[in-house]
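Data first, discussion second: the structure below is written as structure tokens.
Keep in mind the model is a prediction, meaning the values are calculated, not measured.
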Amino acid sequence: MDNLTTVSTFLLWGFSSFPELQDLLFVVIFISHLTILVANVSIMVAIKLSHNLHTPMYFFLFGLSLSETCTTMVILPRTLVDLLSESKTISLPECATQMFFFFGFAGNNCFILSAMSYDRYTAIHNPLKYPILMSKKICSQLMAASCVVGFFVSFCIVLIVFNLSFCNSNIIQHFFCDIAPVVILACNNTSFQKIILLAFTVFVLVGSFIVIMTSYVFIVAIVMKMPSTKGRYKTFSTCSSHLTVVFIHYGFACFIYLRPKNSNSFRGDTLMAVTYTVLTPLLNPIVYSLRNKEMQTALRKVLGNVNRFPPLRW
């Protein structure tokens, strides 16, 4: 890598374009980061401690909460430090590492959402065979496959990006090492690399979204044949939390990664990326908590147990 580049460090200059907003951004991101951690950890603890939540749906929700937490940990602590620091430098290996873990966990999130949609389809289409079709072994295999494929795609992306030559500007117009702001700094003709990178992005986002939508087309077809209105309502209610998270997640991701890019678009993308990296992980636990009575009950039990601890005496 050193032989290919003359740039050894980058400057994460995204928020420097908004000097008047840096204090506000620090407060918003700091509070959001703490809330994300508390909310997702609460969901994971509730699922772990509540025996009635030991089902495939909540197994995948546990994995999604863990993956979302890791995604934010890759980006937000560094972002908070940069907002308070004059120096916003990041070395080339650190930049590559950040990109690898961010897109690895982001891809993992997409494939877990696909597995969750398949789980809902299986539960509705084959309720009698559901325990066999979605056994612990199969759920673990789906979770492992989501992680392996997500990080394999991320590894390919990082390999392509950091085999480019960086010999001009080292200023990344973003607050983390995202694909487009880094690639635009390359000296090479990057047309071919951009096509390959777009193909990987389409594979993760569009591919997983097609799986989700296909599952729900079959789900709707099955539900509409149900004679009971109450049964239809209960089934749609069960799926509504997952669909809400899907549309929020893919709406932001597709807007950022599947539309044409140029250097003038990065300023707007920086603020949009704050929404994507902060709002989506924050909304996931909120949506699942507000729209799921079983999760509400489990969270109340967990919070009740915490409140029963005796106060600390100093």
Side-chain angles (χ1 to χ4, degrees), residues 1-16 67 70-79 81-82 87-111 144-208 253-267 269-270 272-273 276-277:
M1 189 175 292
D2 288 337
N3 293 331
L4 292 171
T5 67
T6 56
V7 170
S8 59
T9 60
F10 293 112
L11 292 175
L12 293 171
W13 209 248
F15 289 137
S16 298
S67 186
C70 293
T71 305
T72 59
M73 289 297 294
V74 172
I75 300 296
L76 298 187
R78 165 86 200 203
T79 301
V81 172
D82 285 343
S87 172
K88 305 178 190 300
T89 60
I90 184 170
S91 70
L92 194 144
E94 287 175 330
C95 189
T97 302
Q98 186 186 61
M99 185 182 291
F100 170 73
F101 281 106
F102 176 75
F103 286 103
F105 285 119
N108 186 38
N109 296 342
C110 292
F111 294 123
S146 299
C147 186
V148 169
V149 176
F151 277 95
F152 175 74
V153 171
S154 181
F155 175 76
C156 293
I157 288 172
V158 170
L159 199 63
I160 293 170
V161 171
F162 288 93
N163 266 304
L164 297 170
S165 298
F166 301 100
C167 53
N168 292 322
S169 172
N170 68 335
I171 298 176
I172 298 175
Q173 298 293 337
H174 214 309
F175 62 91
F176 70 96
C177 291
D178 206 352
I179 297 173
V182 174
V183 170
I184 203 170
L185 302 179
C187 308
N188 319 63
N189 181 351
T190 58
S191 300
F192 177 72
Q193 285 86 349
K194 286 179 179 177
I195 293 173
I196 301 301
L197 291 169
L198 179 62
F200 278 120
T201 307
V202 169
F203 168 72
V204 173
L205 288 177
V206 179
S208 59
C254 290
F255 179 80
I256 292 174
Y257 292 106
L258 295 185
R259 67 187 178 89
K261 289 284 197 316
N262 58 62
S263 58
N264 296 324
S265 68
F266 292 143
R267 180 181 170 91
D269 281 356
T270 300
M272 180 60 70
Y276 176 68
T277 54

Determine, step by step, whether Phe176 and Ile90 satisfy the side-chain contact (heavy atoms from CB on, under 4.5 Å) criterion, reporting the C-alpha distance in whole Å, the side-chain angles of both residues, the deciding distance to 0.1 Å, and the verdict. CA-CA 9 Å; Phe176 70 96; Ile90 184 170; over 6 Å; no
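- You'll find the side chain of Phe203 reaches within 4.5 Å of the side chain of Val149, heavy atoms only.
- A distance of 10.5 Å separates CZ in Phe200 from CZ in Phe155, rounded to the nearest 0.5 Å.
- Phe10 has its ring centre less than 6.0 Å from the ring centre of Phe166.
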* Any chance you could lay out the side-chain contact (heavy atoms from CB on, under 4.5 Å) test for Asn170 and Thr9, step after step, and finish with the verdict? => CA-CA 7 Å; Asn170 68 335; Thr9 60; 4.2 Å; yes
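- Closest approach of Leu164 to Gln193, counting heavy atoms only: CD2-NE2, 3.6 Å.
- Here Phe103 and Phe151 keep their ring centres 6.0 angstrom or further from each other.
- Summarising the geometry of Leu198 relative to Tyr257, their closest heavy-atom pair is CD1-O, 4.4 Å, with the distance given to 0.1 Å.
- Asp82 pairs by the salt bridge (Lys or Arg N to Asp or Glu O under 4.0 Å) definition with Arg78, not counting sequence neighbours.
- The closest donor-acceptor contact from the side chain of Ser208 to the backbone of Val204 lies under 3.5 Å.
- The structure places SG of Cys156 at 10.0 Å from CZ of Phe100, a figure rounded to the nearest 0.5 Å.
- Rounding to the nearest 0.5 Å gives a distance of 11.5 Å between OG of Ser191 and CD1 of Ile196.
- In this structure, Phe101 places its CZ atom where only 12 or fewer heavy-atom neighbours from other residues, nucleotides or ligands lie under 6.0 Å away.
- Here the shortest heavy-atom pairing between Ile171 and Leu185 reads O-CD2, 3.4 Å.
- Leu205 and Cys110 make their closest contact through CD2-SG, 3.9 Å (heavy atoms, listed as atom of the first residue, atom of the second, distance).
- How far CD1 of Ile160 is from CG of Leu197: 5.0 Å, rounded to the nearest 0.5 Å.
- With hydrogens and angles disregarded, no donor-acceptor distance shorter than 3.5 Å links the side chain of Asn108 to the backbone of Gly104.
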- Stepwise side-chain contact (heavy atoms from CB on, under 4.5 Å) test for Val206 and Leu258: CA-CA 9 Å; Val206 179; Leu258 295 185; 3.9 Å; yes
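- Taking all atoms of both residues into account, the shortest heavy-atom contact from Cys95 to Val182 is SG-CG2, 4.3 Å.
- Of the inter-residue distances, the one linking Met99 atom CE with Phe162 atom CZ reads 4.0 Å to the nearest 0.5 angstrom.
- Asp178 and Pro181 make their closest contact through O-CD, 3.6 Å (heavy atoms, listed as atom of the first residue, atom of the second, distance).
- Note that NE2 of His174 and CG of Leu11 are 15.5 Å apart. Values are rounded to the nearest 0.5 Å.
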